[in-house]
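The structure appears right after this line, and notes come after that.
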Amino acid sequence: MKKTGIVILTIALIAAICGSFYIVNDKSKRANQKEKVLTEVQRITNKDLDKNYPQTPREVVKFYNRIVKCYYGMQYSDEELDALTDQALKLFDDELAANNPKDTYKQSVTADAQSYKEQGITLAQTGVCDSNDVKYVTDNGNKIAYVKASYFMKEGSSYSKTYQEYVLRQDDEGHWRILAFYKLAADSDTETE
């Protein structure tokens with residue numbers, strides 16, 4: 001009698017463990033399937049930058065480039081464009097954000113994207129310099145970083161590559177924010193990935 005109770009208890013425990021494993025595994029698969037269904041625009045706009053801000057200047061520029069790639073190569077609604085511009089503005093330093101109010105920035109992006117579309121130009125690929133190539137300086141007590149990025153453009157059957165340098169400043173919270181960016185000469189010697 002005692003042995004029968006132990007066998008039943010063992011079988012019940014094994015069944016409970018297997019059932020728990022199945023439930024946890026099934027929930028994990030469902031969560032992964034939901035993530036796979038999201039578009040790149042949705043992945044960017046769903047990212048909570050207040051809680052999960054990019055840690056390095058390079059990562060800030062990489063995230064900004066993902067936004068830029070959406071602007072110039074993906075379909076999105078007006079609401080998604082608003083959310084994309086909100087995310088981009090969160091990456092901007094206060095000075096740059098003050099010089100680019102949301103409505104003005106959004107109009108500029110919309111006009112540029114429309115121009116690219118009319119000319120048949122697509123942004124095929126973006127790249128950011130290696131971590132070792134990021135230049136750090138201190139200016140008037142401010143920590144500044146210089147990050148080079150490349151943009152591989154396709155126009156019809158031809159390709160071109162442009163380069164930009166991003167200037168980032170570390171804020172009081174330790175976050176790197178884009179202070180400025182400008183186009184570099186086409187013969188930039190920095191390799192980007």
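Heavy atoms only: backbone and side chains are in, while hydrogens, waters and symmetry mates are out. Everything numeric here is computed off the predicted structure, so don't read it as measured data.
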**Gln114 and Thr110: CA distance, side-chain angles, deciding distance, side-chain hydrogen bond (donor to acceptor under 3.5 Å, both in side chains) verdict** = CA-CA 6 Å; Gln114 184 61 34; Thr110 303; over 6 Å; no
**Request:** Check for a donor-acceptor pair, side chain of Thr104 on one end and backbone N or O of Asn100 on the other, with a separation under 3.5 Å.
**Result:** no
**Message:** Does atom NZ (Lys154) have a neighbourhood of more than 12 heavy atoms from anything else shown, all under 6.0 Å?
**Reply:** no
**Item:** Main-chain N/O of Ile44 paired to Gln87 side chain as donor or acceptor, under 3.5 Å
**Value:** yes
**Non-neighbouring partners of Lys106 that pass salt bridge (charged side-chain N to carboxylate O under 4.0 Å, His left out), sequence neighbours left out** = Asp82
**Asked** By ring pair (Phe, Tyr, Trp, His ring centres under 6.0 Å), which residues pair with Tyr151, not counting sequence neighbours?
**Response** none
**Message:** Just to verify, which of Asp94, Asp93, Asp171 counts as forming a salt bridge (Lys or Arg N to Asp or Glu O under 4.0 Å) with Arg177?
**Reply:** Asp171
**Item:** Verdict with reasoning, Tyr146 to Glu165, per side-chain hydrogen bond (donor to acceptor under 3.5 Å, both in side chains)
**Value:** CA-CA 7 Å; Tyr146 294 88; Glu165 179 141 54; over 6 Å; no
**Request:** Could you tell me which residues satisfy ring pair (Phe, Tyr, Trp, His ring centres under 6.0 Å) with Tyr116, sequence neighbours excluded, listed by chain and number?
**Result:** Tyr72
**Prompt:** Does the separation of the ring centres of Phe92 and Tyr105 fall below 6.0 angstrom?
**Reply:** yes
**Item:** Check: Asn99 side chain, Glu95 main-chain N or O, donor-acceptor pair, under 3.5 Å
**Value:** yes
**Request:** Take the angle between the ring planes of Tyr53 and His175 and call it parallel below 30°, perpendicular above 60°, tilted in between.
**Result:** tilted
